[in-house]
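Here the structure comes first, spelled out in structure tokens, and everything after it is commentary.
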Amino acid sequence: GAGVSQSPRYKVAKRGQDVALRCDPISGHVSLFWYQQALGQGPEFLTYFQNEAQLDKSGLPSDRFFAERPEGSVSTLKIQRTQQEDSAVYLCASSFAPQVPGEQYFGPGTRLTVT
Amino acid sequence: QKEVEQDPGPLSVPEGAIVSLNCTYSNSAFQYFMWYRQYSRKGPELLMYTYSSGNKEDGRFTAQVDKSSKYISLFIRDSQPSDSATYLCAMSEAAGNKLTFGGGTRVLVKP
């Protein structure tokens with residue numbers, strides 16, 4: 001089935017490199033969320049899009065983190081000048097519409113390791 | 001202190017036993033309560049979705065929410081080895097809003 005897909009699944013970056021993580025949500029889903037999951041922890045909210053509009057970026061840990069969804073479908077999370085503390089799994093989730101009770105469907109995540 | 005607290009486990013039970021999981025939270029604005037299951041190297045998968053206080057049953061799973069105590073529970077009856085996973089509670093203030101997760105409880109069901 002056409003679930004949420006993320007690429008790459010694994011990314012190793014040297015400290016200081018820039019990385020770009022891609023999310024393909026379920027077709028027709030208006031809402032898109034990014035979460036960060038550290039090892040052994042629960043996911044933590046990073047940012048939220050409604051169509052192409054980024055309505056909440058309160059969870060982004062620093063100005064090195066940037067997300068976009070220019071056409072309201074595919075989204076990219078970019079991390080500049082990666083640091084070791086950025087090592088985590090980055091999860092993308094989509095849901096049908098805002099203000100509608102329903103499931104957030106998660107992708108498999110991108111595991112980022114910064115060496 | 002985190003908004004949502006969850007015992008990390010691991011919780012080890014024999015096959016067929018009842019698994020009991022719970023979370024406490026501090027934000028009284030939370031209205032929607034969810035339980036997700038996460039297998040190793042996979043994304044979370046929704047198990048149960050509850051609005052406000054009360055009980056909800058779905059097959060072997062029962063979710064309970066007590067807003068007065070800020071306490072939610074998940075029970076898994078007749079547990080199977082395939083239930084071995086990490087269980088995450090999650091909450092939101094409004095429908096379609098960002099989720100706040102607990103840290104997850106690792107469950108091991110031994111054959």
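Reminder, nothing fancy here: chain letters follow the sequence lines and each chain counts from 1. Since the model is a prediction, treat every value here as computed from it, not as a measurement.
In this structure, chain A has a heavy atom under 4.5 Å from the side chain of B:Q38, while its backbone stays farther away. Within the 4.5 angstrom heavy-atom criterion, only side-chain atoms of B:Y36, from C-beta onward, approach chain A. When heavy atoms are compared at a cutoff of 4.5 Å, A:Y105 does not approach chain B at all. Using a 4.5 Å cut-off between heavy atoms, B:K98 touches chain A through backbone and side chain atoms alike.
B:L99 and B:F30 fall into different hydrophobic clusters, defined by Ile, Leu, Val, Met, Phe, Trp and Tyr side-chain heavy atoms under 4.5 Å apart, directly or through other members. Linking ILVMFWY side-chain heavy atoms closer than 4.5 Å, directly or via other members, places A:L112 and A:F65 in a single hydrophobic cluster. A continuous path of ILVMFWY side-chain contacts below 4.5 Å connects A:L46 to A:L32, so both sit in one hydrophobic cluster. In this structure, B:L74 is a member of the same hydrophobic cluster as B:V13, with clusters built from ILVMFWY side-chain heavy atoms closer than 4.5 Å. The hydrophobic cluster containing B:Y39 does not contain B:I76, counting ILVMFWY residues as joined when their side-chain heavy atoms lie under 4.5 angstrom apart, directly or transitively.
In terms of heavy-atom pairs under 4.5 Å with chain B, the best-connected choice from A:F106, A:Y48, A:F33 is A:F106. When each of B:T100, B:L88, B:T86, B:L46 is checked for heavy-atom pairs under 4.5 Å with chain A, B:L46 comes out on top.
Closest approach of A:R111 and B:R41 over heavy atoms only: NE-NH1, 3.0 Å.
Judged by distance alone, with hydrogens and angles left aside, the side-chain atoms of A:Q104 form a donor-acceptor pair with the main-chain N or O of B:N97 at under 3.5 Å.
Dense packing is recorded around CD of B:Q31, with more than 12 heavy atoms of other residues, nucleotides or ligands lying under 6.0 Å away.
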